[in-house]
Number of protein chains: 2
Amino acid sequence: MTHMSSSAYKCEDVKQLSQLFKLLAEPSRLKILCGLGLECRPVSDIVAQTGLSQTNVSFHLRVLREAGLVRPERCGSFIYYCLPDAALLDLLEDWKAWVGRQAEVDG
Amino acid sequence: MTHMSSSAYKCEDVKQLSQLFKLLAEPSRLKILCGLGLECRPVSDIVAQTGLSQTNVSFHLRVLREAGLVRPERCGSFIYYCLPDAALLDLLEDWKAWVGRQAEVDG
DNA sequence: TACTCATATGCGTCATTATTCATATGAGTA
DNA sequence: TACTCATATGAATAATGACGCATATGAGTA
């Protein structure tokens, strides 16, 4: 316990947080999330929008669904997906802003 | 262009953002970043603190360094690493808060 | 120079995971 | 029931990335 600081060692829940980031780290998944925005869209729309294969979209939607990052809603033979929490988009925006600032600094 | 909305399609820079998240998705790397906090520490300290092997720490530090997420500073035979931007910690805190809230909601 | 300590790097291996193909489920409709 | 469309799933493959071992670099010191 020599140089314990107030700022360090704050991430007890590194595991939980890294799992979340892993979900967002997949370009296809991030594209799906961002593409959804605040709207609900059927899978076929997501497929068309992202250009990914239907199989692949379904795969990633399952991952996101099981993590609670998207919520499915059946409507007829369609299944609509949407973000359960708008705050997620704000967080993503914060990172984008940060990345933008970093890019300025680094050149 | 049938149902283009204001909220969707906002992530032009999905690739850049997902690369950043990929860096943070590695538990070891996240541990290193969080462990650093606002301080500068030599590699040997990071090794001791994280319990990771020296090789592995160096490996991850390189990844983080090349991405601009840590900055090295030579001091004698030691190389100190620190975060170049304190805002990074705030962003991580925001996510932790969000994850906490999600956990409440989901049960 | 020779020696030590701190850190970095090349290489091989193992584990994880994204992707595709083919097929199954499940709702709607005739 | 049979048929179609929307979505999900299983199996196989391919790509990525983390980790350890051995070794190299580079600074300090005698």
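Being a predicted model, the structure only gives us computed values, none of them experimental. In what follows, every chain begins at residue 1, and chains take the letters A, B, ... in the order their sequences are listed.
Judged as a side-chain hydrogen bond (donor to acceptor under 3.5 Å, both in side chains), the pairs with a partner in residues 71-81 of chain B (not counting sequence neighbours) are, in order, B:Arg65-B:Tyr81. The list of ring-ring contact (aromatic ring centres under 6.0 Å, His included) pairs with a residue in residues 28-50 of chain B, not counting sequence neighbours, is empty. For residues 44-70 of chain B, the set of pairs meeting the ring-ring contact (aromatic ring centres under 6.0 Å, His included) definition, not counting sequence neighbours, is empty.
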Pair pattern of DNA chain D in dot-bracket, where unpaired bases get dots and | marks partners in another strand, Watson-Crick or G-U under 3.5 angstrom: ||||||||||||||||||||||||||||||

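The side-chain contact (heavy atoms from CB on, under 4.5 Å) test applied to A:Asp85 returns A:Ala87, B:Trp98, B:Gln102, not counting sequence neighbours. In this structure, the side-chain contact (heavy atoms from CB on, under 4.5 Å) partners of B:Ser18, at least two apart in sequence or on a different chain, are A:Pro27, A:Leu30. The side-chain contact (heavy atoms from CB on, under 4.5 Å) test applied to B:Asp94 returns A:Leu91, A:Asp94, B:Leu91, not counting sequence neighbours. Under the ring-ring contact (aromatic ring centres under 6.0 Å, His included) criterion, A:Phe21 pairs with B:Phe21, B:Trp95, sequence neighbours left out. Considering only residues two or more places apart in sequence or on other chains, A:Ser53 meets the side-chain contact (heavy atoms from CB on, under 4.5 Å) condition with A:Thr55, A:Asn56.
The nearest heavy atom of DNA chain C to A:Arg74 and to B:Ser44 marks one nucleotide each, and the one closer to the 5' end goes with B:Ser44.
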Identify all pairs in which a protein N or O lies below 3.5 Å from an N or O of nucleotides 13-20 of chain D, and state each distance.
from   : atom 1 : to      : atom 2 : distance (Å)
D:dG17 : OP1    : B:Lys22 : NZ     : 3.1
D:dA18 : OP1    : B:Arg29 : NH1    : 3.2
D:dA18 : OP1    : B:Arg29 : NH2    : 2.6
D:dC19 : OP2    : B:Asn56 : OD1    : 3.2
D:dC19 : OP2    : B:Asn56 : ND2    : 2.9
D:dC19 : OP2    : B:His60 : NE2    : 2.6
D:dC19 : O5'    : B:Asn56 : ND2    : 3.0
D:dG20 : OP2    : B:Ser53 : OG     : 2.9

Pairwise N/O distances under 3.5 Å, protein to nucleotides 2-4 of chain D:
none

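In plain terms, the two heavy atoms of B:Leu69 and B:Leu83 that are nearest each other are O-CD2, 3.6 Å. Closest of all the heavy-atom pairs between B:Leu89 and B:Gly37 is CD1-C, 3.6 Å. Among all heavy-atom pairs drawn from A:Cys82 and A:Leu36, the shortest one is CA-CD1, 4.1 Å. Shown here for A:Leu52 and A:Val47, the closest heavy-atom pair between the two residues is O-CG1, 3.3 Å.
Relative to the side chain of A:Arg62, the nucleotides D:dG10, D:dT7, C:dA8 differ in distance, and D:dG10 lies closest.
For B:Gln54 against C:dA6, no side-chain N or O and base N or O form a donor-acceptor pair under 3.5 Å.
At a non-hydrogen distance threshold of 4.0 Å, A:Ser77, A:Phe78, A:Ile79, A:Tyr81 from residues 75-84 of chain A come into contact with DNA chain D.
Straight-line distance from the CG atom of A:Leu64 to the C1' atom of C:dA18: 13 Å, rounded to whole Å. Per the geometry, CG belonging to A:Leu23 stands 14 Å off C1' belonging to C:dA18, to the nearest Å. Regarding B:Arg41, its CZ atom lies at a distance of 17 Å from the C1' atom of C:dA6, rounded to whole Å.
Remark: the backbone N or O of B:Leu23 is paired with a side-chain donor or acceptor of B:Arg29 at under 3.5 angstrom.
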